Amino acid sequence: MKKEISFMPIDYDYFDWQGRNYVKIIGRDDKGKRVCIVDSYEPYFWAIFKQDTSERKIRELQQKIGKIKIEQVGRTTIVEKTELHDKKFLGRDVKALKIFITNYKDAHAIADKIDFPEIEARREYDLSLITKYIIDKKLVPLTWHKISGEILERDYGGIAESLDCDVCIKVEHIEKADSIIFEPKILAFDIEADEFEIGKGEILMISLVSKNFKKVLTWTRIPKTPDFVEVCKDEADMIERFVKYVKKQNADMLVGYFSDGFDLPYLRARAEKLKVKLSLGLDGSQPTFARGRITSARISGIAHVDLLRFIETVYSQYMQSETLGLNEVAREFLGEGKKDFEHKHSTRLKEQEWLNYFEYNLQDSVLTYKLAEKFWPDMLELCNIIQEPLFELTRDGMSQLVESYIIHHLKEYNEIAEKRPLHDEIEERRRRGRYEGAFVLQPIPGLYENVVMFDFTSMYSSVIVTYNLSRSTFLGYKKTGKEANEAELSEGKVYFTKQPGFFPMMLEDMIEKRKKYKAEYKQDPSPVKRARSNAYKLLANACYGYQGFFGARYYCREAAAATASLARKSILATIDKIKAAGYQVIYSDTDSIAFLRGNKNKQEVLSFLKKLNSELPGIMELELEDFYARGIWVTKRTGEFGAKKKYALITEDGKLKIRGFETVRRDWCNLARELQNEVLLRILKEGNEKSALSYTKKIIQELKARKVGKEDIVIRTQLKKPISEYKAITPHVIAAKKMEEMGLPVDVGMLVQYFVAETRETKKLVREKVKLPEEKGEYDINYYLEHQIVPAVENIFEIFGIKKDELLGKSQKKLLEF
DNA sequence: GACTGAACTATACC
DNA sequence: ACGGGTATAGTTCAGTC
């Protein structure tokens with residue numbers, strides 16, 4: 001029976017049937033029905049001929065290649081047909097053979113057989129089948145399509161019968177459809193267990209939250225169970241009921257927080273031990289765990305999203321939170337955190353504590369659900385733009401996002417995709433070492449009035465576009481006859497053609513779209529418009545890093561180094577122009593310049609900015625970051641030179657912008673951070689140091705009088721590797737060791753907390769005085785004075801000629817007082 | 001045992 | 001291995017006298 005439906009593709013998978021590849025996509029129709037579509041796919045890859053290969057030779061090889069056959073166990077793969085095409089490869093015109101094969105799994109093996117001397121390269125056999133399918137059939141993830149085809153019942157080994165779907169269709173025709181709002185069914189979940197080590201303890205409870213559904217499953221019996229709690233027979237029964245609820249909820253997305261690394265591996269381990277099936281997949285399959293840098297848990301037919309991984313790549317660089325834990329992240333994005341609960345072993349929990357535990361567990365899922373809703377527009381837009389499925393997209397790092405975007409847009413340039421570098425090549429690239437990066441101007445320490453900050457909009461991206469810097473436009477280290485863009489590197493000059501390359505063109509397109517959607521968003525602020533604008537911004541900003549990344553298909557060290565070089569040249573020239581116009585330049589870092597307005601008014605500064613812009617090449621653009629009432633730059637701890645990457649500014653309406661100071665560093669205690677923040681605020685607001693000084697003295701007195709609470713003297717430092725791998729045993733390593741001895745969970749990536757305590761004997765090393773916050777002991781007044789408080793404010797007061805002794809209340813005359 | 005510079009470590013800026 | 005380089009600063013380590 002024929003059928004035509006609207007289709008929103010969500011989860012992509014493929015299978016083999018009679019030796020051939022088929023793609024199976026789960027999604028929704030416009031009535032909310034769950035739909036599975038099955039489509040055939042004709043896999044192929046490319047063989048590129050060397051420039052001077054004769055037509056006769058090409059035909060001869062085409063014949064030979066057409067007869068290639070590979071016998072595998074239970075499968076024979078043959079070259080089905082070949083087509084000769086005029087294509088581009090790294091910007092060059094090439095003749096390439098499109099080689100169709102019967103099974104993509106053998107693409108690599110067949111490519112290996114095509115090792116004729118006339119073949120320059122074999123490409124695109126290392127792309128995933130799903131990626132190639134999306135490119136060729138234009139079935140873009142999370143975009144509405146019109147699909148027509150035959151309803152499937154018993155074909156392909158009974159795939160339709162075993163699937164929990166409303167309808168299954170064998171695709172005959174795909175076309176794009178008008179976009180209508182799609183609200184995915186989101187189901188969030190979270191587990192609680194006694195032990196942190198995967199599978200070691202029992203799972204005590206599992207919470208599930210979707211739009212109108214909240215539940216906690218447990219097997220603990222307490223006298224009065226709240227309505228949202230469902231008591232199961234035992235742990236095994238609880239896991240089985242969890243699976244049932246997931247099925248019943250009929251979700252498009254199953255969302256967890258660190259669920260790739262904790263919840264799903266834990267569930268798998270317990271299910272295995274208890275001999276129950278964790279059949280979460282729509283086809284009844286159990287989650288599969290793909291090993292990568294981080295293991296990913298895939299559930300067939302449902303997009304499992306681990307929000308933590310998406311947040312790490314997409315949001316973390318713009319976030320205020322000091323950790324990416326659910327509590328802080330939820331507080332930042334939702335204004336609501338986790339429930340308070342003191343973790344104890346389940347055997348020691350009292351009745352009321354169980355009630356709190358259930359609520360705590362439920363709240364984690366509630367937060368995860370709300371975050372998923374909040375981030376949905378971003379996931380949707382990125383899927384549409386990058387064209388990779390949600391599961392992959394939410395796990396990709398920045399370079400992979402850029403690379404996927406490139407690969408899905410190459411056809412607009414008739415380009416064949418470059419291969420992924422192999423291990424040896426990556427090693428070689430890494431051996432080439434670093435190249436010179438950004439320019440940072442050393443500031444002259446002081447308190448300044450009327451500071452102006454200019455910065456270049458997306459500087460590195462606009463340099464890449466303006467000077468056409470990329471792998472395929474790179475001409476080499478020697479000047480050829482033609483006119484070319486040049487850049488000076490430490491190893492010599494490099495040249496890039498002026499003939500536009502696909503990489504800079506794609507980037508220019510991203511920048512234009514970002515501008516367009518940003519303007520649209522300002523006109524009509526909606527989460528979708530914001531998400532679209534942000535997605536292009538994210539991608540555009542990552543393109544520079546991509547070209548310098550040794551794992552990239554389109555890696556080009558020269559292009560990356562030239563980008564940094566031309567950016568340096570550009571900002572230095574701009575600094576000179578600002579100076580020549582009579583302004584005093586205070587500071588500059590990479591793409592920003594701070595200078596004093598002096599006796600000029602704001603309008604004059606703005607028209608000067610306009611003039612500067614008219615002189616900039618290509619798409620480079622300088623903009624006003626802001627006007628500031630005051631700004632402060634300090635010296636380095638050692639020496640009298642100005643410290644780079646460390647300053648504080650205040651706008652005319654009193655908003656602080658603090659960079660680099662201890663205040664913004666999480667590895668300093670709150671006491672020092674809050675004091676420094678207050679000191680900076682007072683000085684910048686009042687224009688002098690007087691009240692800041694008395695405030696500092698007050699805090700020092702409180703410290704000396706032991707009036708400071710423990711929470712303000714705790715130092716938090718991240719454990720970046722396993723304890724055993726540390727060469728230097730630092731205070732935070734000692735704290736981690738102590739935690740381990742006490743049986744507390746110690747994981748790589750965690751923030752270790754400790755304070756420096758007073759000891760009877762005078763100890764030389766800080767680490768000998770380390771205590772955990774829960775340990776008894778008084779803080780070491782001298783340590784906090786000399787190593788936290790004084791260093792945090794010393795350099796600031798030094799600007800006013802105030803020395804350390806005066807801060808500490810010791811008699812000392814101000815040197816600069818006359 | 002005190003001193004000193006190098007090494008190691010964490011974190012921030014853009 | 002899973003974007004780049006630039007920069008500050010604390011603590012320990014290893015060598016010297």
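Note that the coordinates shown come from a computational prediction; the quantities given were computed from them, not determined experimentally. The chains referred to below are lettered A, B, ... by the order of the sequence lines, with proteins before strands, and numbering in each begins at 1.
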- Message: Testing the basics here: between A:Ile386 and A:Ser404, what is the closest heavy-atom pair and its distance to 0.1 Å?
- Response: CG2-CB, 3.5 Å
- Item | salt bridge (Lys or Arg N to Asp or Glu O under 4.0 Å): pairs with one or both residues in residues 305-317 of chain A, sequence neighbours excluded | A:Asp260-A:Arg309
- Item | Spacing between A:Arg420 atom CZ and C:dC2 atom C1', to the nearest angstrom | 11 Å
- Query: Between A:Leu507 (CG) and C:dG4 (C1'), how many Å, whole number?
  - Reply: 15 Å
- Query: First and last nucleotide of DNA chain B in contact with chain A, 5' to 3', at under 4.0 Å to a heavy atom: what are they?
  - Reply: B:dC8 to B:dC14
- Remember a base hit wins even if backbone is also touched, and classify A:Gln718 as base, sugar-phosphate or nothing at under 4.0 Å, heavy atoms. sugar-phosphate
- Applying ring-ring contact (aromatic ring centres under 6.0 Å, His included), name anything that partners A:Phe391, two or more places apart in sequence or on another chain. none
- Message: Applying side-chain contact (heavy atoms from CB on, under 4.5 Å), can you list everything that pairs with A:His787, at least two apart in sequence or on another chain?
- Response: A:Tyr783
- Item | Selection residues 547-557 of chain A - residue pairs positive for side chain to side chain donor-acceptor pair (under 3.5 Å), sequence neighbours left out | A:Asp126-A:Arg553, A:Glu403-A:Arg553, A:Glu491-A:Arg557
- Quick note, salt bridge (Lys or Arg N to Asp or Glu O under 4.0 Å) partners involving residues 459-468 of chain A, not counting sequence neighbours, are none
- Once the angle between the rings of A:Phe258 and A:Phe262 is folded into 0 to 90°, is it parallel (under 30°), tilted (30 to 60°) or perpendicular (over 60°)? parallel
- Which residues within residues 422-447 of chain A lie with some heavy atom under 4.0 Å of an atom in DNA chain C? A:Arg430, A:Arg434, A:Tyr435, A:Glu436, A:Gly437, A:Ala438, A:Val440
Output a table of donor-acceptor pairs, distance under 3.5 Å, between side-chain atoms of residues 747-758 of chain A and any protein atom two or more places apart or on a different chain; print 'none' if there are none.
| residue | atom | partner | partner atom | Å |
| --- | --- | --- | --- | --- |
| A:Gln753 | OE1 | A:Arg716 | NE | 3.2 |
| A:Glu758 | OE1 | A:Arg706 | NH2 | 2.7 |
| A:Glu758 | OE2 | A:Arg706 | NH2 | 3.1 |

- Check the distance between C:dC2's C1' and A:Glu312's CD and give it to me in whole angstrom. 12 Å
- Are A:Lys646 and A:Tyr587 close enough that some pair of their side-chain heavy atoms sits under 4.5 Å apart? no
- Set of residues satisfying side-chain contact (heavy atoms from CB on, under 4.5 Å) with respect to A:Glu725, sequence neighbours excluded: A:Lys721, A:Pro722
- Message: When the P atoms of B:dT11 and C:dA1 are compared, how many Å lie between them, rounded to an integer?
- Response: 22 Å
- Task: With heavy atoms under 4.0 Å as the rule, sort A:Phe550 into base, sugar-phosphate or nothing.
- Result: sugar-phosphate
- From OH of A:Tyr546 across to P of C:dA1 the rounded distance in Å is 18 Å
- Note on the structure: Sequence neighbours excluded, the answer for side-chain contact (heavy atoms from CB on, under 4.5 Å) partners of A:Leu447 is A:Arg630, A:Ile632, A:Ile683, A:Leu684, A:Phe800
- Quick one: A:Tyr405 OH to C:dG3 C1', roughly how many Å, whole number? 18 Å
- Taking salt bridge (Lys or Arg N to Asp or Glu O under 4.0 Å) as the test, write out the residues that go with A:Glu488, two or more places apart. none
- Task: Using atom CE of A:Met398 as one end and atom P of C:dG3 as the other, report the distance to the nearest whole Å.
- Result: 8 Å
- Task: Pick base, sugar-phosphate or nothing for A:Tyr647, based on heavy-atom distances below 4.0 Å to the nucleic acid.
- Result: sugar-phosphate
- Query: Any side-chain N or O of A:Lys636 less than 4.0 Å from the OP1 or OP2 oxygen of C:dT8?
  - Reply: yes
- Query: With the sugar-phosphate defined as primed atoms, P, OP1 and OP2, and the base as all remaining atoms, what B/S/- string results for nucleotides 10-16 of chain C, 5' to 3', for protein heavy atoms under 4.0 Å?
  - Reply: SSSS---
- Separation of A:Trp633 atom CH2 from C:dT8 atom P, in whole Å? 16 Å
- Measure from OH on A:Tyr555 to P on C:dC2 and round the result to the nearest Å. 14 Å
